Amino acid sequence: MSCNGCRNHVQEALSKAPGVTNVEVDLEKAEAEIEMGFHVSVGVLQGALKEAGGQYSIHMADNLEHHDHSHHGHHHHGKDHNTPKGNGTGVFYCPMHCEGDKTYDEPGDCPVCGMDLVEEVSMSSVSSTKYTCPMHPEVVQDKPGSCPKCGMELVPLEADESAEEKKYKRLLKKFWIAVAFTLPIFLIAMSEMVSDNPLYEWLSVKTWNWVQFGLSLPVVFYATWMFFERAWRSIKTMNLNMFTLIGIGAGVAWLFSFFAILFPGFFPEQFLTDHGTVHVYFESATVILTLVLLGQVLEAKAHSQTNNAVKELMKLAPNTAIRVNEDGSEEEVHMDEIQVGDKLKVKPGEKIPVDGSVLEGESNIDESMITGEPMAVSKSKGDTVSSGTINGNSSFIMKAEKIGSDTLLSQIVEMVNKASHSRAPIQNLADRISTYFVPAVILIAAITYFVWLFFGPEPANVYALVNAIAVLIIACPCALGLATPMSVMVGVGKGAQNGVLIKNAEALEGLNKIDVLIVDKTGTVTQGKPEVSRVVVTNEDYSEEEVTQWITSLNNESEHPIADAIVAYGKEKGIELLKVSGFESQTGKGVNGTVDGKKMKLGNSKLIENPSEVEDKDQGNTISWLEVDGATAGYVVIDDPIKESSRKAIKELQDHGVEVIMLTGDNPQTAKKVSDEVGLSDYKAECLPEDKQKEIKRLQDQGKKVAMAGDGTNDAPALAQADIGIAMGTGTDVAIESAGITLVKGELSGIVKAYNLSHSVVKNIKENLFFALIYNSVGVPIAAGVLFPVFGMLLSPMIAALAMSFSSVSVIGNALRLKAVKL
């Protein structure tokens, strides 16, 4: 921008965008501060600038990046760090979401809970495939073809491993090293239970204790040293967590043993064995640490499985496409080379490379991977097609309209990633419990030690130490922390595979609690593809051709679905469009402007003061009246068929106890007709956007949880007001941005899927929390020795470590069951 005129032009253009309440443009900084009544996407703002003309563009300021790359302690590496290579995003997050949505740009462990950070997956891995020559590996290029040296066909170059895969392999390597050294320690220790132990014929007990010490060093100081680092960090920062307990428990056992072999004379007589040495616990420490490491390995593997839904979605995008040049020639190009407007040829069985529309030919498209619907969809000229869907048995030519991150598939992956890392409100319960849990366990372990020390049988010191360590180890809160995020991650992925996109975990959990579902009519209950039935003239001074020409010309300036239907009708009739001046659109009412010097209005009864009577056969349809110079000239009859899935979906929701109410801007006759046909609980007609918002607020004031489903710009305020906003994927960007849940296919049946998914995920979370809490409630007392006085049973620290590791894996395993849920 170079002058005040530019500034005023931009301010005026942005102010016209739906939802924008105020715009202030700083000419010197080239910045715009925009106030919104509800969230408006950058895409909508850019569209407003484009409509106003000029070459202006708008984007988010640099300080509003999505990710928070601030660091704690060891995560900070300044600005010159290198982002890890791999097929992920280079963005890492804590699987327990200890710091909410905070992310990191390097792998490591969470500064709060100590868990390994997990890497996000990204669509960028799709376009990163390189090709190389099997004979000349130095030849690497971005697309397939022939080797320039030997002519051999190039083959895909194996992509770098993601940080997640590297972490799993690194942990697995350490685990096998730990096993290799822990197993002989365990055998040496257990040999004491054999009468006439043959090992003592080779070396003395004291020497074997030193051998155990030597073998324990690689386990403690290499394979599992990270656990002690995390424990120490947790104590320094007072973020007590599972590694605090593991570090104290295993550390005390190892240090006690090391001190015992150095200074056996320091200990009282009850600590001494028949051989005059102090009993050591190198086997307990190393076995505990190895079993905890096993749990970490299994968790790393399980984390990979929870992200499978996103990875499978990413695989849908092809690496190359066939571009049709202006001269009719065809060439295979890499995805990165495709531009908006390119003509692409899609052969039978191939994946559609980008979003666009069919230019030539027709085919059946399998869209099940992004909508969850098994039936192939017939596509012909003008129909839209989406990236990642699979072509049927016919070739066709398409026009590329959305590429890269703008495609539906990329947006699905991005939304799934964000939702997977969000926190569900129910997780706050687990967080509150965990805050007090670790200090309580340390206190219980201390009490256990002193109770056994003063009241236990001889050797009391040994019993006290072993049982205190068992309490610390078995009480690991890891399973409690994983209970919610694992279920959310799997549930969000399951939804994405069935055409239900979840913006955040709060929306996923909240949908299970709704009492009322508010639905719009056009595009939600009905198909949203209105058709003109006929044009009726009510003023004998005008002909049908004139009335049709006027309403077509007026609607040519509008983007409303009804306007599109009227324009299409006029073109079919061969109507010549007239110039419209002073055009104005009034949301929820209609449009007005000047045509042929006559002031005209076209809209519903809220816009037209004295609408004419409608013929009986037109009752129940959508009517738009045309007013010319203050007098009604006629009306146009619009028919919008009801979606086949609407009746069944509404019935299922009502069976679940959800009241379904329709709020529409249409006339009462049409609203009643639609309501009766689909069996709605209630309806309200002639609703403006603010009316829908007020009705939702009224229901909320009654204590009801309200969900709103809509697809248009006029639905955005209501979607934002509702407890849960549900956008139909066939609708506008504003509606989708304002909603917590988006249905790719735009069918009410998707709401049933979303409701069932929410119910299943919340149930799964409660199961996980129950398992984790019961496990600790039962495990801690047993480890403390409450069964010993009656049954003579004690829990070995090694068994406690094994149980602790598998408790976390069991929670993840239960979460993975959501993959099999039928929606």
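These figures come from a predicted structure and were not determined experimentally. Residue numbers start at 1 and run along the sequence shown.
Closest approach of L511 and A707 over heavy atoms only: CD1-CB, 4.5 Å. When all heavy atoms of V324 and E330 are compared, the closest pair comes out as CG2-CG, 4.3 Å. A563 and N555 get closest at one heavy-atom pair: CB-OD1, 3.2 Å. Between A400 and L344, the closest heavy-atom pair is CB-CD1, 4.2 Å. Here the closest non-hydrogen pair linking N512 and Y755 is O-OH, 4.2 Å.
Of the possible polar contacts, one joining the T526 side chain to the K521 backbone as a donor-acceptor pair under 3.5 Å is found. Side-chain N or O atoms of N391 include one that pairs as donor or acceptor with a backbone N or O of S394 at under 3.5 Å. Remark: side-chain polar atoms of K347 are not paired, donor with acceptor, to backbone N or O of S395 under 3.5 angstrom. Between the side chain of K379 and the backbone N or O of V385 there is no donor-acceptor pair closer than 3.5 Å. Counting only distance, with no hydrogens or angles, the side chain of S758 and the backbone of A754 share no donor-acceptor pair below 3.5 Å.
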Original post:
Step by step, would you call L757 with V821 a side chain to side chain contact (heavy atoms under 4.5 Å, CB included)?
Top reply: CA-CA 8 Å; L757 177 66; V821 170; over 6 Å; no
Subject >> Stepwise side chain to side chain contact (heavy atoms under 4.5 Å, CB included) check, M398 with I352 >> reply: CA-CA 9 Å; M398 65 171 288; I352 294 171; 3.7 Å; yes
**OP:** Test side chain to side chain contact (heavy atoms under 4.5 Å, CB included) on I566 and I638 and set out the steps.
**Re:** CA-CA 8 Å; I566 293 174; I638 309 294; 4.0 Å; yes
Original post:
Yes or no on side chain to side chain contact (heavy atoms under 4.5 Å, CB included) for D366 and T389, after CA distance, side-chain angles and deciding distance?
Top reply: CA-CA 6 Å; D366 178 4; T389 55; over 6 Å; no
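Among residues two or more places apart in sequence or in another chain, the side-chain hydrogen bond (donor to acceptor under 3.5 Å, both in side chains) test is passed with N325 by S329. The side-chain hydrogen bond (donor to acceptor under 3.5 Å, both in side chains) search around K648 returns none, not counting sequence neighbours.
The shortest side-chain heavy-atom distance between R323 and I338 does not fall under the 4.5 Å cut-off. Side chains of D383 and F396 form no contact here, defined as non-hydrogen atoms less than 4.5 Å apart. Looking at I724 and I741, their side chains come closer than 4.5 Å, going by heavy atoms from C-beta outward. Using a 4.5 Å heavy-atom cutoff, the side chains of L508 and V492 are in contact. M708 has its side chain out of reach of Q721: every pair of non-hydrogen atoms, C-beta onward, lies at least 4.5 Å apart. Between K692 and D520 there is a side-chain heavy-atom pair separated by less than 4.5 Å.
Taking CG of L748 as the reference point, atom OG of S646 lies at 4.5 Å (rounded to 0.5 Å). The CD1 atom of I397 sits 9.0 Å away from atom CD1 of I322, with the distance rounded to the nearest 0.5 Å. Taking CD1 of I575 as the start and OG1 of T552 as the end, the distance is 6.0 Å to the nearest 0.5 Å.
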Sequence neighbours left out, cut at 3.5 Å: what donor-acceptor pairs do the side chains of residues 353-360 make with other protein atoms?
residue : atom : partner : partner atom : Å
D355    : OD1  : S387    : N            : 2.8
D355    : OD2  : L408    : N            : 2.6
S357    : OG   : E401    : OE2          : 2.8

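Checked options T664, V678, V660; the residue passing with V525 is V678 (criterion: side chain to side chain contact (heavy atoms under 4.5 Å, CB included)).
The number of heavy atoms from other shown groups lying within 6.0 Å of CD (E362) does not exceed 12.
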